[in-house]
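Model, not experiment: these values are computed from the prediction.
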Amino acid sequence: MTDTSTDTSTDVSTDVSAATGDRGPAGAAGGAGAPPAADEGGPGHGSGAVTGGTPAAGADDDGRRRRLAAWRASERVLWRGSAEQSLARGLGTLTAGAAGVYDLGEPVDVYGDGVVAELERRTAALLGFPAAVWFPTGTMAQQAALRAWAGRTGNATVAVHPQAHPEVHERAAFSVVSGLRTIHPTTQPRLPTADEVRECDEPFGTLMLELPLRDAGFVLPEWDELVSVVDAARDRDAVVHFDGARLWECTPHFGRPLDEIAGLADSVYVSFYKSLGGLSGAVLACPGFLADEARAWRHRYGGQLFQQYPAVLSGLIGLERELPRLPEYVAHAKVVAGALDEGLRRAGVPWHRINPPVPLTHQFQVWLPYPADALNEAALAQSEETRTTLFRRWFTEGCPPGLAVTEVTVASEGLAWSAEDVSSALTDFVRRLV
């Protein structure tokens with residue numbers, strides 16, 4: 001597996017994974033998971049993501065408005081989340097881009113036809129599957145897929161990582177809603193190895209792999225390792241499902257096209273609101289027989305929506321505009337991470353970790369030995385006073401004592417940042433901590 005740690009001092013535990021009881025840097029199933037990078041449209045899942053819950057109405061509303069105001073006013077950011085927009089700007093962006101991806105003279109969709117069917121067709125082609133099914137959420141898409149596979153394999157047990165999204169962020173939906181049971185081939189902060197899959201001491205019907213494994217630091221195996229893991233599952237007569245919420249940005253690391261990566265699995269889920277910047281929504285790519293069954297489960301789960309064209313059009317825009325640019329973002333994330341690492345060394349910060357040391361996608365974690373409140377105030381003050389946003393929100397949930405973590409995403413606006421720009425912004429940020 002790719003090494004996922006860079007340490008600069010022994011003042012703080014040099015093994016974060018050990019300090020968390022082999023849970024990895026982001027926590028474990030049943031506990032706090034990796035923090036969302038922002039509760040306003042970050043690459044995470046909203047401010048309830050840390051515990052898989054939903055924040056109370058009005059919780060931290062003043063703080064949220066302050067953050068949004070600062071981020072919107074920032075002239076320099078590494079990325080800008082779609083949920084940071086005003087309603088007017090969001091509608092304007094959708095209207096401006098929609099005509100370039102679909103004939104707006106066509107009728108609106110009704111219960112999944114029209115533009116919804118077109119997005120399904122395009123996604124199936126990109127991933128190399130004969131069929132695809134649109135869902136309003138990835139949570140629903142994966143439950144439908146795994147429930148359908150359980151019926152066909154006769155085994156409702158799913159082998160999954162304890163830091164995978166369904167285990168940490170979905171309120172035990174697999175078991176509570178779908179009657180599925182999960183087991184963990186490994187608790188290490190990485191995906192399981194082929195040997196761990198072969199040696200798993202319980203039978204399972206489906207092996208689910210989250211690519212990349214976000215809560216462990218957006219980590220990925222090497223290509224040959226992934227192939228071996230899939231083969232090991234097949235040797236046990238299990239099917240393989242990819243949680244590909246962020247699969248789009250994995251192509252540079254694997255050095256393979258999307259259809260070859262997705263083709264290793266029996267079914268794949270992809271998201272449209274994370275890396276592609278859509279409003280919401282997901283697609284399950286799979287064989288035709290599973291698509292038919294998934295549509296039935298979608299209806300049972302309440303996902304047979306009357307009209308969905310705004311979200312679907314935003315997904316088509318993402319495929320057209322963002323998908324081709326993701327390799328650029330991944331490449332530049334390495335520049336940003338390297339500048340942060342060097343800058344933190346020079347700044348004399350007592351300890352830090354960039355995880356992974358060399359990002360495998362366009363997202364990575366930064367760990368620092370300061371209280372989250374101090375880090376958040378420094379980040380927000382920098383945004384407000386300089387109109388430069390380097391970091392978003394910091395969290396301590398799931399961290400060893402004395403540490404806080406944030407996620408960094410590099411997207412289109414981040415491409416303008418040189419290593420010197422990152423270093424300068426970091427120097428100003430660290431100054432605010434002293």
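Atom-to-atom distance recorded for Arg246:CZ and Leu326:CG is 12.0 Å, nearest 0.5 angstrom. Distance CG/Leu258 to CG/Leu247: 6.0 Å, rounded to 0.5 Å. Atom CD in Glu407 sits 6.5 Å away from atom OG1 in Thr409 (nearest 0.5 Å). The CZ atom of Arg392 sits 9.5 Å away from atom OG1 of Thr406, with the distance rounded to the nearest 0.5 Å.
Using modelled atom types, one side-chain atom of Asn376 and one backbone atom of Ala372 make a donor-acceptor pair closer than 3.5 Å. Side-chain atoms of Gln85 come within 3.5 Å of backbone N or O of Ser82 as a donor-acceptor pair. A donor-acceptor pair under 3.5 Å is absent between the side-chain atoms of Asp195 and the main chain of Val197, judged by distance alone. Without hydrogens or angle criteria, Glu342 side chain to Ala339 main chain gives no donor-acceptor distance under 3.5 Å. Counting only distance, with no hydrogens or angles, the side chain of Ser314 and the backbone of Ala311 share a donor-acceptor pair below 3.5 Å. At distances below 3.5 Å, not a single donor-acceptor pair connects side-chain atoms of Trp248 with backbone N or O atoms of Phe272. A donor-acceptor pair is defined here as one N or O able to donate and one able to accept, closer than 3.5 Å; such a pair exists between the side chain of Asp109 and the backbone of Gln308. With hydrogens and angles disregarded, no donor-acceptor distance shorter than 3.5 Å links the side chain of Ser178 to the backbone of Leu180. When atom types are taken as modelled, the side chain of Thr93 and the backbone of Arg89 share a donor-acceptor pair closer than 3.5 angstrom.
Between Phe429 and Phe391, the ring centre distance stays below 6.0 Å.
Looking at Val330 and Pro327, their side chains never come closer than 4.5 Å, going by heavy atoms from C-beta outward. Residues Glu320 and Leu316 fail the side-chain proximity criterion, which asks for heavy atoms closer than 4.5 Å. Within the 4.5 Å cutoff, the side chain of Leu191 has no heavy atoms near those of the Val229 side chain. Counting only heavy atoms from C-beta outward, the side chains of Gln363 and Thr361 approach each other to under 4.5 Å. Two residues are said to be in side-chain contact when any heavy atoms from C-beta on lie closer than 4.5 Å; Phe364 and Leu340 meet this criterion. Looking at Pro136 and Ser280, their side chains never come closer than 4.5 Å, going by heavy atoms from C-beta outward. Side-chain atoms of Cys200 and Ile183, non-hydrogen and from C-beta on, do get closer than 4.5 Å to each other. Contact check for Phe129 versus Asp259: no side-chain heavy atoms found under the 4.5 Å cut-off.
Just one of Gln163, His169, Lys274 meets the side chain to side chain contact (heavy atoms under 4.5 Å, CB included) condition when paired with Arg214; it is His169. Under the side chain to side chain contact (heavy atoms under 4.5 Å, CB included) rule, Asp266 has a single partner from Thr206, Val230, Val240, Leu290, which is Val240. The side chain to side chain donor-acceptor pair (under 3.5 Å) test with His184 is passed by exactly one of Glu167, Glu196, His161: Glu167.
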Given the rule in the side chain to side chain contact (heavy atoms under 4.5 Å, CB included) test, do His241 and Val268 qualify, once you have shown the distances and angles that lead to the verdict?
-> CA-CA 6 Å; His241 172 79; Val268 178; 5.8 Å; no
Please lay out, stage by stage, how Glu210 and His165 fare under the test side-chain hydrogen bond (donor to acceptor under 3.5 Å, both in side chains).
-> CA-CA 8 Å; Glu210 182 179 327; His165 192 277; over 6 Å; no
Residues Asp231, Ser228; criterion side-chain hydrogen bond (donor to acceptor under 3.5 Å, both in side chains); working and verdict = CA-CA 5 Å; Asp231 288 343; Ser228 295; 5.5 Å; no
Just do the side chain to side chain contact (heavy atoms under 4.5 Å, CB included) check on Asp243 and Leu211 with the steps written out, would you?
-> CA-CA 6 Å; Asp243 177 339; Leu211 300 173; over 6 Å; no
Where do Leu119 and Val115 land on the side chain to side chain contact (heavy atoms under 4.5 Å, CB included) test, with the steps shown first?
-> CA-CA 6 Å; Leu119 179 60; Val115 67; 5.9 Å; no
Passes side chain to side chain contact (heavy atoms under 4.5 Å, CB included), Phe174 versus Met208? Steps please.
-> CA-CA 12 Å; Phe174 274 10; Met208 176 179 164; 4.0 Å; yes
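Among residues two or more places apart in sequence or in another chain, the side-chain hydrogen bond (donor to acceptor under 3.5 Å, both in side chains) test is passed with Arg72 by none.
Judged by a 6.0 Å distance limit and a 45° cone about the ring axis, Arg76 is positioned over the six-membered ring of Trp417. Seen from the ring of Trp134, Arg295 does not count as a face-on cation partner, given the 6.0 Å and 45° thresholds.
Within 6.0 Å of CZ in Arg387 there are 12 or fewer heavy atoms belonging to other residues, nucleotides or ligands.
Between the side chains of Ser74 and Arg80, no donor N or O sits under 3.5 Å from an acceptor N or O.
Judged as a side-chain hydrogen bond (donor to acceptor under 3.5 Å, both in side chains), the pairs with a partner in residues 424-434 (not counting sequence neighbours) are, in order, Gln382-Asp428, Glu385-Arg432, Asp428-Arg431, Asp428-Arg432. Within the structure, the ring pair (Phe, Tyr, Trp, His ring centres under 6.0 Å) test picks out no pair touching residues 311-343 (sequence neighbours left out).
Ring geometry, Trp223 versus Phe254: the interplanar angle exceeds 60°, so the pair is classed perpendicular (tilted spans 30 to 60°).
A salt bridge does not link Glu322 with Arg325: every distance from a Lys NZ or Arg NE/NH1/NH2 to an Asp or Glu carboxylate oxygen is 4.0 Å or more. At a threshold of 4.0 Å, the pair Asp62-Arg66 does not count as salt-bridged, since none of the basic side-chain nitrogens sits closer than that to a carboxylate oxygen.
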